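The next block holds one structure in the form of C-alpha cells; read it before the comments.
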Amino acid sequence: MIDFLDPQKGKVREQYGKKSSLIGIFVNVFLFIIKFAVGTLFHSVAVVADAVNSLADAGSSVISLISFKLSSKPADEKHPFGHERIEYIASSVVAVFILLLGIELLKTSFNKIVRPDEIEFSFVVVGVLLFSIAAKLWLYGFNIKLAKRIDSSMLRATAADSLSDVLATSSVLLSTILSPLLGFQLDGYVGILVSVFIMMSGLNILKETLDFLLGQVPSGELVELIDSYVKKYDGVLGIHDLVIHNYGPRRYFASVHVEVDAKEDILVSHDLIDNIERNIAQDLGIHLVIHLDPIITDDPFVNELRELTAKVVSGVDDSLSMHDFRVVKGFTHSNLIFDVVIPHQCKKSDSEVIEEITQKIKEKDKNLFTVITIDRSYI
Ligand SMILES: [Zn+2]
Ligand SMILES: [Zn+2]
C-alpha cells in the first residue's frame, strides 16, 4: 500500500516534521552567528549577506515547525476535513520568503558591481564558508530523505532551499579566493547568478504548491490501487466515474460508480457496496462513497445494442469510453441512454462528440435514438 495513506503514520509524520524543523533552526542559527561574525570582522558584505540568508532559513524552519504542529491537529467542529492543508500554505510562505531573499541578493550584487569593496582575505573566512557548505549539503540529504519517506511538500521545499544555499555560499567562497588572485572583484557578478537561481527555486516551490491547492489529477498509483481494490469483490462487474479529492497529504475522499447485476437482490447489492466502503476506509484510510449502477446482462437485444454503441463511441475517438448503458424499448423506435467520458487530451467538444455518435448510430439503424450525457474525466 502507499506509505502516506496509512492512518498510523500521522504521528510519525508530525515527529519527522518536528525533527527536521528543530535541526534546521539549530544549524541555521549557528551558521548565521559564525558567518555574521567573520563577515563583519573581515569586511565582507558577501559573507554577511550569506549569513542573513541562513537567518532567513532559520525563520522558515520556525514556520514549518508551526505548520507541522497545526496540520497534525485532529478534525474539529469548524474544520471537519482536518488541518493538513496548512502545510500547503506554509510552503507558499516559505517560497515567497525565498523569492524575496533572491530579489534582495540581486540588489546587493548590483551594488557590489557598482561599488566594489576592499575585501580582506583570510583563511578563517574560507574555513567558515567550507564548514557552511558541508553543513548545508548534510541538511539537504537529511531533508530529502525525510521528504520522500512522508511525501511532504514542506520538507521538499526545505531541501531545495538547502541546495540553493550550497550554491550561494560556494559562489561567495569562489570570489573570496579568486578576487585577490585576479585583482578583480568577482562577487557582484557571481552574486547575480546565484540570486537568479534562488528566485527560480522559490518560484518552483510556489508553482508546485499551487498545483496542490488547485487540485491536481491523482497519481496513477492511487487510481490503480482503488480500482483493483473495488474490483476484487465478487459481484462487482465494473467501475466508472471515479473522483478523488484530498484535504491534505493523508486525507482522501473519493466517489465511484460500481456496476452490479440488475437481477441481484437490491439488499444483497447494497450490502456488497457497504462492505467495500467500510473495508477501504479501514485498509487504505480513504473515505469512499459508492453509487450503485444496475446492469442488464442477460437480454440479447440490450447486449447487441451495447456492443454496437461501444463500437461507435470508440470509432468517433479511441480515447472515449462509455458506461451506464440503458435501453428504453418502444414500438416504432428505441432510446439508447448512456454516458460518454471525454478525457482532457481529446480535443473534440461535447457537442461534436454527441453529434458524431448520434449520426453514426442513425446510420446503423434509423429507429435508434440517443440520450447522451457527457462526463469529464477526473483521473
Ligand atoms: Zn454510473
Ligand atoms: Zn448505504
Side-chain angles (χ1 to χ4, degrees), residues 215 217-218 220 222-246 252-281 284 286-299 301-329 334-346 348-351 353-358 360-361 368-379:
V217 63
L222 184 61
V223 172
E224 181 51 41
L225 187 75
I226 296 176
D227 187 87
S228 57
Y229 190 98
V230 175
K231 279 184 184 159
K232 79 179 181 210
Y233 284 82
D234 274 342
V236 173
L237 301 179
I239 70 168
H240 58 261
D241 285 355
L242 174 63
V243 180
I244 304 171
H245 297 279
N246 78 54
Y252 278 87
F253 291 80
S255 63
V256 72
H257 293 195
V258 164
E259 296 157 4
V260 294
D261 193 334
K263 280 206 311 326
E264 186 58 88
D265 189 285
I266 183 76
L267 288 176
V268 173
S269 291
H270 177 258
D271 197 50
L272 167 72
I273 62 163
D274 254 9
N275 281 338
I276 301 175
E277 285 173 343
R278 195 171 330 104
N279 293 345
I280 205 168
L284 306 180
I286 297 169
H287 184 97
L288 179 68
V289 175
I290 301 178
H291 168 90
L292 206 60
D293 278 332
I295 301 279
I296 293 168
T297 54
D298 62 348
D299 184 331
F301 180 66
V302 172
N303 283 347
E304 196 187 312
L305 286 175
R306 185 191 290 118
E307 230 170 87
L308 175 116
T309 310
K311 229 180 251 164
V312 166
V313 167
S314 57
V316 167
D317 190 306
D318 54 12
S319 66
L320 300 176
S321 66
M322 174 199 91
H323 59 258
D324 285 342
F325 184 82
R326 284 189 295 133
V327 179
V328 178
K329 284 183 238 183
S334 295
N335 276 336
L336 310 181
I337 306 164
F338 55 95
D339 295 1
V340 171
V341 180
I342 307 181
H344 291 284
Q345 70 262 25
C346 175
K348 287 190 170 126
S349 75
D350 294 12
S351 52
V353 168
I354 291 176
E355 217 168 284
E356 280 185 49
I357 293 173
T358 307
K360 282 193 174 165
I361 285 181
L368 292 176
F369 289 72
T370 52
V371 181
I372 303 171
T373 305
I374 295 294
D375 284 344
R376 284 285 168 179
S377 174
Y378 294 101
I379 56 172

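Both ligands and their constituent atoms are indexed starting at 1 by order of listing. The shown structure was predicted, so the numbers you read here are calculated from the model rather than taken from an experiment. Residue numbers run from 1 in the order of the sequence given. Excluded from the calculations below are hydrogen atoms, water molecules and symmetry mates; all remaining heavy atoms, backbone and side chain alike, are included.
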Taking the Zn ion (ligand 1) as the apex, D324 OD1 and D293 OD2 span an angle, rounded to 10°, of 70°

Does a donor on one side chain sit under 3.5 Å from an acceptor on the other, for D375 and H323?
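Side chains of D375 and H323: pair found under 3.5 Å.
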
key: Nearest non-hydrogen partners of I357 and V312, listed with the distance   =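 So the two residues come closest at O-CG1, 3.9 Å.
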
Discussion item. Within 45 degrees of the ring normal and closer than 6.0 Å to the centroid, is that where the cationic atom of K232 sits relative to Y229?
Written reply: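 Yes, K232 and Y229 form such a contact.
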
**Message:** Any N/O/S atom from H240 (main chain or side chain) under 2.8 Å of the Zn ion (ligand 1)?
**Reply:**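 Yes, within the cut-off.
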
- Query: Hey, is the Zn ion (ligand 1) within less than 2.8 Å of some N/O/S atom on H257?
  - Reply: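 It does; at least one qualifying atom falls short of 2.8 Å.
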
Under 3.5 Å donor-acceptor, N303 side chain and T297 backbone:
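Side chain of N303 to backbone of T297, a donor-acceptor pair under 3.5 Å: yes, one is there.
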
